[in-house]
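The analysis underlying the following values was restricted to heavy atoms, covering all of them including side chains, and did not include hydrogens, waters or symmetry mates.
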Amino acid sequence: MTTTMVEPSVPWLRDFNQILHNQGHVPAFMPPADLLIDDDGVTVYVDVPGLHAENVEIELEHDVLTIRGERPFPYAREDGKGPVRRIERGFGRFERTLRVPPGLDPAAVEASLADGVLTLKVPRPETLRPRRIEIRAADDGAQQEGMPHVAAS
């Protein structure tokens, strides 16, 4: 399924349509996120174009990963005047909350931001695996404690 935007071809009608639909309205910014889970752990990719590391907060509590931040509105003018023709990109504060598998360690989260993509990698914790217990053999010449001494006849 494809979505197509069609605008009126007459310039004055296009401008009038923009004024009616976009007057004073700046869309909210909600970054899209991809959540991938595999045997190694969880990887999250979030599109945050124009943001820097200081604009983003990341929190992992139990099985909830929260990403908060703000994409500031870049067109503020000192005089506060000037027509806005069209604003399609979203701006403002945002918060994304994603469910992840339980038992992930918040201290193990690795975050990087490059080319407008925030990447989070959370390794799976070591699972409780059965451990083999070694039995130490007693020296042949030494008597084991608690064992009766048997005299050779």
Side-chain angles (χ1 to χ4, degrees), residues 1-139 145:
M1 183 171 172
T2 305
T3 302
T4 306
M5 272 179 50
V6 178
E7 293 188 9
S9 59
V10 181
W12 67 267
L13 188 55
R14 182 185 63 236
D15 291 344
F16 182 69
N17 188 34
Q18 289 175 1
I19 290 169
L20 288 178
H21 290 101
N22 294 326
Q23 187 171 7
H25 177 70
V26 176
F29 177 60
M30 187 56 61
D34 297 334
L35 176 71
L36 308 173
I37 301 173
D38 60 21
D39 292 338
D40 295 330
V42 175
T43 305
V44 179
Y45 299 99
V46 184
D47 287 347
V48 288
L51 295 184
H52 303 285
E54 59 269 9
N55 301 113
V56 181
E57 298 173 15
I58 302 161
E59 184 178 279
L60 175 60
E61 186 175 359
H62 304 295
D63 62 344
V64 177
L65 177 68
T66 304
I67 304 162
R68 293 182 195 91
E70 183 169 3
R71 185 173 184 201
F73 188 71
Y75 308 119
R77 294 180 50 178
E78 290 180 20
D79 60 4
K81 297 180 182 177
V84 174
R85 292 288 187 167
R86 175 183 223 134
I87 303 291
E88 291 184 359
R89 299 182 306 142
F91 299 97
R93 291 210 42 83
F94 67 89
E95 181 172 311
R96 289 296 313 259
T97 302
L98 305 167
R99 290 252 180 226
V100 294
L104 298 178
D105 182 7
V109 177
E110 294 177 14
S112 62
L113 181 60
D115 298 328
V117 178
L118 174 66
T119 303
L120 306 173
K121 293 185 181 245
V122 190
R124 282 191 189 251
E126 286 294 320
T127 58
L128 297 175
R129 296 180 186 172
R131 295 183 185 223
R132 184 175 178 187
I133 300 171
E134 277 189 49
I135 302 172
R136 291 187 293 181
D139 293 341
E145 281 186 37

Work out which heavy atom in Ala108 is nearest to a heavy atom in Pro123; give both atom names and the distance.
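Smallest interatomic distance, heavy atoms only, reads O-CD, 3.4 Å.
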Provide the closest heavy-atom pair for Phe91 versus Pro72 in the form atom of the first, atom of the second, distance.
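Reported closest heavy-atom pair: CD2-O, 3.3 Å.
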With rounding to the nearest 0.5 angstrom, report the [atom1] to [atom2] distance, [X] to [Y].
X	Y	atom1	atom2	result
Ile58	Leu118	CD1	CG	4.5 Å
Thr66	Leu98	OG1	CG	8.0 Å
Glu59	Leu65	CD	CG	9.0 Å
Arg71	Met30	CZ	CE	12.5 Å

Strictly by side chain to side chain donor-acceptor pair (under 3.5 Å), give each pair with a member in residues 90-101 just once, sequence neighbours left out.
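Applying side chain to side chain donor-acceptor pair (under 3.5 Å) to every pair that reaches into residues 90-101, excluding sequence neighbours, yields Asp63-Arg99, Arg68-Glu95.
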Can you list every pair that meets side chain to side chain donor-acceptor pair (under 3.5 Å) and has a residue in residues 41-55, with sequence neighbours left out?
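Passing the test, one end in residues 41-55: no pairs.
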Can you pull out every ring-ring contact (aromatic ring centres under 6.0 Å, His included) where at least one residue sits in residues 94-120? Sequence neighbours excluded, please.
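Non-adjacent pairs meeting ring-ring contact (aromatic ring centres under 6.0 Å, His included): Phe29-Phe94.
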Please identify each residue that fulfils side-chain hydrogen bond (donor to acceptor under 3.5 Å, both in side chains) with Arg89, with sequence neighbours left out.
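Expected list: Tyr75.
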If you define the side chain from C-beta out and look only at heavy atoms, does anything of Val100 sit under 4.5 Å from Val122?
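Counting from C-beta outward, Val100 and Val122 never come under 4.5 Å.
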Side chains of Val46 and Pro32: does their closest heavy-atom pair fall under 4.5 Å?
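Heavy-atom side-chain distance check fails, nothing below 4.5 Å.
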In chain order, what residues pass the side chain to side chain contact (heavy atoms under 4.5 Å, CB included) check against Ala53, with sequence neighbours excluded?
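Ala53: no side chain to side chain contact (heavy atoms under 4.5 Å, CB included) contacts found.
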Name the atoms and distances for all side-chain donor-acceptor pairs under 3.5 Å in residues 35-42, with sequence neighbours left out.
from: Asp38; atom 1: OD1; to: Asp40; atom 2: N; distance (Å): 2.9
from: Asp38; atom 1: OD1; to: Gly41; atom 2: N; distance (Å): 3.1

